[in-house]
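Everything below concerns the one structure shown next.
Throughout, a chain's letter reflects where its sequence line sits, starting with A, and its residues are numbered from 1. Basis for what follows: all heavy atoms, side chains included, without hydrogens, waters or symmetry-related copies.
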Amino acid sequence: MMSHAAYVLASYAVAVATVTGLVLWVVGDGRSRQRELKALEAAGVRRRSAEAPGGESK
Amino acid sequence: MNENSLAIRKFSALANPTRFLALADRVLPWLTVLTVVCFAIGLWLSFTTEGDYQQGETVRIMYVHVPSAWLSMMCYTVMAISALGTLVWRHPLADVSAKAAAPIGACFTFLALVTGSLWGKPMWGTWWVWDARLTSVFVLFLMYLGVIALNRAMEDPGRSARVSAVLVLVGFVNIPVIKFSVDWWNTLHQPASVFRLDGPTIDPEFLWPLISMAVAFTLLFFSLHIAAMRNEIWRRRVDSLRRQAARNAGRETLAP
């Protein structure tokens, strides 16, 4: 039989683990997407709306 | 220009993803700082206030359990409003919002179930009972997983948006069932003690940590939701840029 403190500790541990996992996933996802966008931009692929008038592509 | 059309213009201005990204960049740092500060206050109150004369130390589990349970329902409500936005107003960011919210909602529902179970064992003497409240929250958890699976099952975001919007709206019937299950049926789970028409019935000693943790969790949800929406917009941009690059490459090889 666990003591009450152990149940409290387990609850907070699960909460910290879940929230940390969620935050890391959202931040990590954002970083990878930005990396992909930068790589595409470096390769010269631009959004049509971001292209300057008279740009190279027609 | 009348007031109504001004409001509509502001609403559609937000529909522009580029404008949303700029807004997210401005808002997120502040929201993050505010969330951290609220969590510091909430956690400090959670562990410095006294235990309950009956529940003892386990009352502290409530400071995580109640806000998670509240968020699990609020997140689904946000998704249902977004689903309406997709189906009725065809707001371009609505399905981004619904898709971004689903994993966050699933995490908070999971947390509500696990912490409830960890409180139930020492207080009720059981990890789980199939009473109306616990079962309906478990169904909510399954709904979240279903929406996530459906969002990932289809390649075309436009199609999956409409299908999952219908699922989200059908599933919304579960939210009032969860809320009122403790009044409609004889449940082991206790009835509401904070959001009541006649005011909260719990002692301020427990009410303050509970409210501050609820505020912190709500701020955390909105920070994560805005960040996840931004990620989803970036993801769609990457996809469309890749398609564009492939089209251009095809044209170059075909052209003499």
Side-chain angles (χ1 to χ4, degrees), chain A, chain B residues 18 28 32 35 39 43 46-47 51 55-65 67-68 100 103-104 106-108 110-111 114-123 213 217 220-221 223-228 230-246 248-249 251:
Chain A
M1 189 66 197
M2 286 203 283
S3 69
H4 284 183
Y7 287 104
V8 176
L9 201 69
S11 300
Y12 279 81
V14 172
V16 168
T18 310
V19 170
T20 312
L22 190 59
V23 169
L24 287 181
W25 171 68
V26 170
V27 171
D29 188 31
R31 292 229 170 117
S32 342
R33 297 297 83 79
Q34 271 212 303
R35 233 187 344 260
E36 285 170 355
L37 278 173
K38 287 220 176 85
L40 281 163
E41 203 174 317
V45 187
R46 291 235 167 83
R47 299 178 65 226
R48 260 161 292 167
S49 58
E51 276 167 12
E56 50 209 51
S57 66
K58 276 175 201 164
Chain B
T18 307
L28 270 177
T32 311
T35 308
F39 262 112
L43 284 171
S46 301
F47 285 99
Q55 298 178 50
E57 295 297 307
T58 56
V59 72
R60 304 192 201 288
I61 297 177
M62 288 296 117
Y63 308 144
V64 183
H65 172 73
S68 318
I104 305 173
C107 282
F108 286 119
F110 167 77
L111 213 63
V114 172
T115 53
S117 198
L118 281 164
W119 182 88
K121 185 61 187 165
M123 290 298 110
M213 283 297 263
F217 267 84
L220 174 69
F221 168 76
S223 318
L224 286 171
H225 188 217
I226 292 173
R230 188 170 66 170
N231 291 351
E232 182 60 26
I233 294 172
W234 282 339
R235 191 181 346 270
R236 288 180 188 190
R237 253 177 210 186
V238 167
D239 284 348
S240 80
L241 282 177
R242 280 187 180 152
R243 269 199 302 274
Q244 194 183 315
N248 288 349
R251 215 175 295 155

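Only the side chain of B:L111 comes within contact range of chain A, with heavy atoms under 4.5 Å apart. Only the side chain of B:V114 comes within contact range of chain A, with at least one heavy atom under 4.5 Å from a heavy atom of that chain. Of the atoms belonging to B:I104, heavy atoms from both backbone and side chain fall under 4.5 Å from chain A. For B:F39, no part lies under 4.5 angstrom from a heavy atom of chain A. Residue B:Q55 touches chain A through its backbone alone, counting heavy-atom pairs closer than 4.5 Å. In this structure, the portion of A:L40 lying under 4.5 Å from any heavy atom of chain B is its side chain and not its backbone.
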Atom pairs and distances, donor-acceptor, side-chain atoms in residues 10-21 of chain A, under 3.5 Å, two or more places apart:
residue	atom	partner	partner atom	Å
A:S11	OG	A:Y7	O	2.9
A:Y12	OH	B:R60	O	2.7
A:T18	OG1	A:V14	O	2.7
A:T20	OG1	A:V16	O	2.4

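A 4.5 Å side-chain heavy-atom check between B:W119 and B:V64 finds every atom pair outside the cut-off.
Chosen from B:C107, B:S46, B:A227, the residue pairing most often with chain A at heavy-atom distances under 4.5 Å is B:C107. Of the listed residues A:D29, A:V27, A:V23, A:V45, the one with more heavy-atom pairs under 4.5 angstrom with chain B than any other is A:D29. Most heavy-atom pairs under 4.5 Å with chain A, from the set B:R237, B:R242, B:M123: that is B:R237.
What you find for B:L43 and B:M213 is that their closest heavy atoms are CD2-CE, 3.7 Å. Between B:A228 and A:V26 the shortest heavy-atom distance is N-CG1, 4.0 Å. When all heavy atoms of B:P103 and A:L22 are compared, the pair lying nearest together is O-CD1, 4.4 Å.
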_A:K38 vs A:E41, salt bridge (charged side-chain N to carboxylate O under 4.0 Å, His left out): CA-CA, chis, key distance, verdict_ = CA-CA 5 Å; A:K38 287 220 176 85; A:E41 203 174 317; over 6 Å; no

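At a threshold of 4.0 Å, the pair B:R235-B:D239 does not count as salt-bridged, since none of the basic side-chain nitrogens sits closer than that to a carboxylate oxygen.
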